[in-house]
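Before I ask anything, let me first share the structure, which is written out below as structure tokens.
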Amino acid sequence: MLTIIVIGDGAVGKTSLIKKYTKGSFEKDYIKTIGAQFSKYDEDIEGNNCKLFFWDIAGQREFDFMRPTFYKGSKAAIIVFSHTDEESFNKIPEWHEDIKSHVGDLPIVLFGNKIDLVKEEDTENEKIQEIVKGRGFLGYFQTSAKTGSGVYEAFQAIIKNLYNKYKEA
Ligand code: G3D
Ligand code: MG
């Protein structure tokens with residue numbers, strides 16, 4: 001089982017992205033009181049069945065005490081920000097430090113979601129590339145959970161990375 005945490009500010013599109021990628025076929029559990037959601041999904045990679053487990057951690061800071069439980073056992077992380085929400089971009093370092101403090105170095109990819117709502121030339125690509133390089137993220141993908149643009153490629157990047165890392169184990 002490969003556990004991937006999906007984090008980022010509220011309303012950036014975490015749940016929608018997971019839904020889109022899994023075509024809604026995930027088994028979903030929802031912890032209402034804390035807003036956390038976990039999704040199980042079976043995927044065939046090169047003919048091998050992989051069990052993916054996505055954590056969609058709610059942004060509410062009052063549930064910070066629950067965070068270590070979520071992070072435990074995670075093998076990779078997806079940090080999501082929205083192109084329509086500058087604050088969600090500015091929070092990337094905080095989310096990254098949060099991951100590092102709980103699980104250390106994990107492969108991380110960055111998703112810039114809601115690309116359908118902005119013009120390409122309005123995205124701050126230099127600033128984004130700077131943070132990707134500076135923090136050693138595996139990659140950056142522009143996604144739209146609404147149109148589906150980029151979603152498959154983005155998830156595949158992290159899943160393939162994990163698959164290659166763990167297939168020998
Ligand atoms: P979260 O899980 O990160 O909190 P959600 O975010 O997946 O719940 O999405 C928050 C809102 O943004 C939802 O709108 C959702 O439909 C919308 N959304 C998510 N991704 C995209 C995207 O790529 N493009 C556009 N245009 N909208 C997106 P509602 O209105 O349902 O609250
Ligand atoms: Mg959500």
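Just follow the structure's listing: the first ligand is 1, and inside any ligand the first atom is 1. Quick caveat, the model's predicted, so the values are computed rather than measured.
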| said: Among all protein heavy atoms in this structure, tell me which lies nearest to atom 23 (O) of ligand 1, with the distance rounded to 0.1 Å. | reply: Ala145 N, 2.8 Å
| task | Could you tell me whether a side-chain N or O of His83 sits under 3.5 Å from a main-chain N or O of Ile115, the two making a donor and an acceptor? | result | no
| note | Ranked by distance from atom 20 (N) of ligand 1, the top protein heavy atom is Asn113 ND2, 3.1 Å
| said: Nearest non-hydrogen contact with atom 18 (N) of ligand 1 belongs to which option: Gln142, Lys146, Lys114? | reply: Lys114
| message | Students should be able to answer this: which protein heavy-atom is nearest to atom 6 (O) of ligand 1, and at what distance? | response | Gly13 N, 3.1 Å
| Does a side chain donor of either Ser82 or Asn113 reach within less than 3.5 Å of an acceptor in the other side chain? | no
| Would you say the side-chain atoms of Asp98 pair up with the backbone N or O of Glu94, donor to acceptor, closer than 3.5 Å? | no
| Has Asp105 got more than 12 heavy atoms of other residues, nucleotides or ligands less than 6.0 Å from its CG? | no
| Test: Glu97 and Lys100 ion pair at under 4.0 Å | yes
| Taking the six-membered ring for Trp, are the ring centroids of Phe111 and Phe155 within less than 6.0 Å of each other? | yes
| field | Option among Lys91, Lys14, His96 that satisfies the side chain to side chain contact (heavy atoms under 4.5 Å, CB included) test with Ile79 | value | His96
| Looking at atom 26 (N) of ligand 1, would you say a protein heavy atom lies below 4.0 Å from it? | yes
| message | Is a donor from one side chain sitting under 3.5 angstrom from an acceptor on the other, for Tyr140 and Asn125? | response | no
| Metal check, the Mg ion (ligand 2) vs Ser16 N/O/S, cut-off below 2.8 Å | no
| message | What protein heavy atom lies closest to atom 9 (O) of ligand 1? Include the residue and the distance to one decimal. | response | Ser16 OG, 3.5 Å
| Proximal ligand 1 atoms for Leu117, defined as those under 4.0 Å from one of its heavy atoms | 26 (N)
| request: Take atom 32 (O) of ligand 1 and look for protein heavy atoms under 4.0 Å from it; say yes if you find one, no if not. | output: no
| task | Check whether the side chains of Gln156 and Tyr21 place a donor and an acceptor atom closer than 3.5 Å, and report yes or no. | result | yes
| request: Look at atom 4 (O) of ligand 1 and say which protein heavy atom is nearest, naming residue and atom and giving the distance to 0.1 Å. | output: Ala11 N, 2.8 Å
| task | Verify the contact flag for atom 29 (P) of ligand 1, where contact means a protein heavy atom under 4.0 Å away. | result | no
| query | Taking non-hydrogen atoms only, is Val12 closer than 4.0 angstrom to ligand 1 via side chain, backbone, both or neither? | reply | both
| field | For Asp116, atoms of ligand 1 separated by under 4.0 Å from a heavy atom | value | 22 (C), 23 (O), 24 (N), 25 (C), 26 (N)
| message | Can you confirm whether some protein heavy atom lies under 4.0 Å from atom 13 (C) of ligand 1, or whether none does? | response | no
